[in-house]
Amino acid sequence: DDQSVQGFLIGAVIGIAIAIFMSLHVSLEKMVLPYIIVLQMIPVLALAPIVYSIVKNQDASRVVMAAFISFFPVAVNMYAGLKSVEIEKKELLYLYAANRLTVYLKLMLPYSRTYLFTGLKLAAPSAITAAILVEMMGSESGIGYKILSALYYGNAGALNFWSSVLMAAAMGIFSYYAVVILEKITT
C-alpha cells in the first residue's frame, strides 16, 4: 500500500533526524525525549479517528498515521546507536583534527546502522497496521474496510475476514523482510 510506504519513509526520516539532533545537543534530548515517549503512549486506536477527522482525506490520514507509528522505534533505536559509540573512538578522531561532521559521517552513523535497522524492522509492519486501522475509520475499500465489513456479516463473512487478516499479516511480514534485505544490501 503506497500510503504505508510513504508514511514509513516520512516517519523514518523524522526519527533519524530527531535522533541525530538529540545526540548533538544534550539539552535537546532532555527536552524532546519525554515528549516523544508521551506521544508513543497515545493509543493509535484513539488517535486514528482524530487524525481522520482533521485531515478529511483517507490517503493523507494513512500517511500521517503510518509516519506517526514509524518515527518512534526509528528515533529511539537510532539514538541508542549514536549514544553507544565509545567516547575513546570519538576522542581519537577529534585528536586527528576531525570536525563534528566527519565524526558523524565516519564513525557515529556507520556504528549506529545496526540500531537503525532494528528500528526500521519494528516500524515497517507497524506502518502497515496503522494504514489498515485508518481504513477502518470510514473507507470504502482496502483491507481495513474488508475486515470491518466482514465482522458485520457474522459467519457469512468469516472467509472474507480471515483472508483479509492473513493478507494484512503477509503485508507486514513482507515489509519486515524488505527491510532485512535492505540491511543486507547496505552492510
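In terms of the side-chain contact (heavy atoms from CB on, under 4.5 Å) criterion, residue partners of Ile20 (sequence neighbours excluded) are, by chain and number, Ile16, Leu24, Leu82, Tyr104, Leu109. Partners of Lys89 under the side-chain hydrogen bond (donor to acceptor under 3.5 Å, both in side chains) rule, at least two apart in sequence or in another chain, are Glu86. In this structure Asp59 satisfies the side-chain hydrogen bond (donor to acceptor under 3.5 Å, both in side chains) test together with Gln3, Arg62, sequence neighbours excluded. Evaluation of the side-chain contact (heavy atoms from CB on, under 4.5 Å) rule for Phe68 yields Leu39, Leu47, Phe71 as partners, not counting sequence neighbours. Every residue meeting the side-chain contact (heavy atoms from CB on, under 4.5 Å) condition with Ala12, not counting sequence neighbours, appears here in chain and number order: Val74, Leu120. With sequence neighbours excluded, the residues satisfying salt bridge (charged side-chain N to carboxylate O under 4.0 Å, His left out) with Lys121 are Glu183. Val32 meets the side-chain contact (heavy atoms from CB on, under 4.5 Å) test with Ile18, Met22, Leu28, Ile36; sequence neighbours excluded.
Pairs of residues two or more places apart, or lying in two chains, never qualify as side chain to side chain donor-acceptor pair (under 3.5 Å) while including a residue from residues 33-50. Applying the salt bridge (charged side-chain N to carboxylate O under 4.0 Å, His left out) test to every pair with at least one member in residues 100-116, sequence neighbours left out, gives no pairs at all. Residue pairs meeting the side chain to side chain donor-acceptor pair (under 3.5 Å) criterion with at least one partner in residues 41-55, sequence neighbours excluded, are Tyr52-Gln58.
Ile69 and Ile10 end up in the same hydrophobic cluster when Ile, Leu, Val, Met, Phe, Trp and Tyr side chains are linked at under 4.5 Å. By the criterion of side-chain heavy atoms lying less than 4.5 angstrom apart, applied directly or through intervening Ile, Leu, Val, Met, Phe, Trp or Tyr residues, Met108 is not grouped with Val13; the two fall into different hydrophobic clusters. In terms of hydrophobic clustering, with Ile, Leu, Val, Met, Phe, Trp and Tyr side chains grouped at heavy-atom distances under 4.5 Å, Ile42 and Ile54 are assigned to different clusters. At a threshold of 4.5 Å between side-chain heavy atoms, the hydrophobic network of Ile, Leu, Val, Met, Phe, Trp and Tyr places Ile143 and Trp162 in one connected group. The hydrophobic cluster containing Phe21 also contains Val76, counting ILVMFWY residues as joined when their side-chain heavy atoms lie under 4.5 angstrom apart, directly or transitively.
When every heavy atom of Ser4 is checked against every heavy atom of Ala66, the shortest pair comes out as O-CB, 3.9 Å. In terms of heavy atoms, Asn57 sits closest to Ala60 at OD1-N, 2.9 Å. Counting all heavy atoms, side chain and backbone alike, Pro34 lies closest to Glu29 at CD-O, 3.9 Å. Residue Gly172 comes nearest to Pro125 through the heavy atom pair O-CG, 3.7 Å, listed as atom of the first residue, atom of the second, then distance.
Val180 belongs to a hydrophobic cluster with Ile173, Tyr176, Tyr177, counting contacts under 4.5 Å between side-chain heavy atoms of Ile, Leu, Val, Met, Phe, Trp and Tyr, direct or through other members. Cluster partners of Tyr115 are absent, since no Ile, Leu, Val, Met, Phe, Trp or Tyr has side-chain heavy atoms less than 4.5 Å from it.
Within the 3.5 Å criterion, the main-chain N or O of Gly81 finds a donor-acceptor partner in the side chain of Ser84.
When side chains are defined from C-beta on, Asn77 does not count as touching Phe117, because their heavy atoms never get closer than 4.5 Å. At a threshold of 4.5 Å between non-hydrogen side-chain atoms, the residues Glu135 and Ile132 count as touching.
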Please assess Ile128 against Phe174 for the test side-chain contact (heavy atoms from CB on, under 4.5 Å), listing each intermediate value before the final yes or no.
CA-CA 10 Å; Ile128 302 284; Phe174 175 78; over 6 Å; no
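Expressed to the nearest 0.5 Å, how far NZ of Lys56 lies from OG of Ser61 amounts to 9.5 Å. Separation of atoms CG (Leu93) and CG (Asn99) is listed at 10.0 Å; rounding is to 0.5 Å. We find the CZ-OG distance between Phe8 and Ser126 to be 10.0 Å, quoted to the nearest 0.5 Å.
Within a 6.0 Å sphere centred on CG of Leu45, other residues, nucleotides and ligands contribute 12 heavy atoms or fewer.
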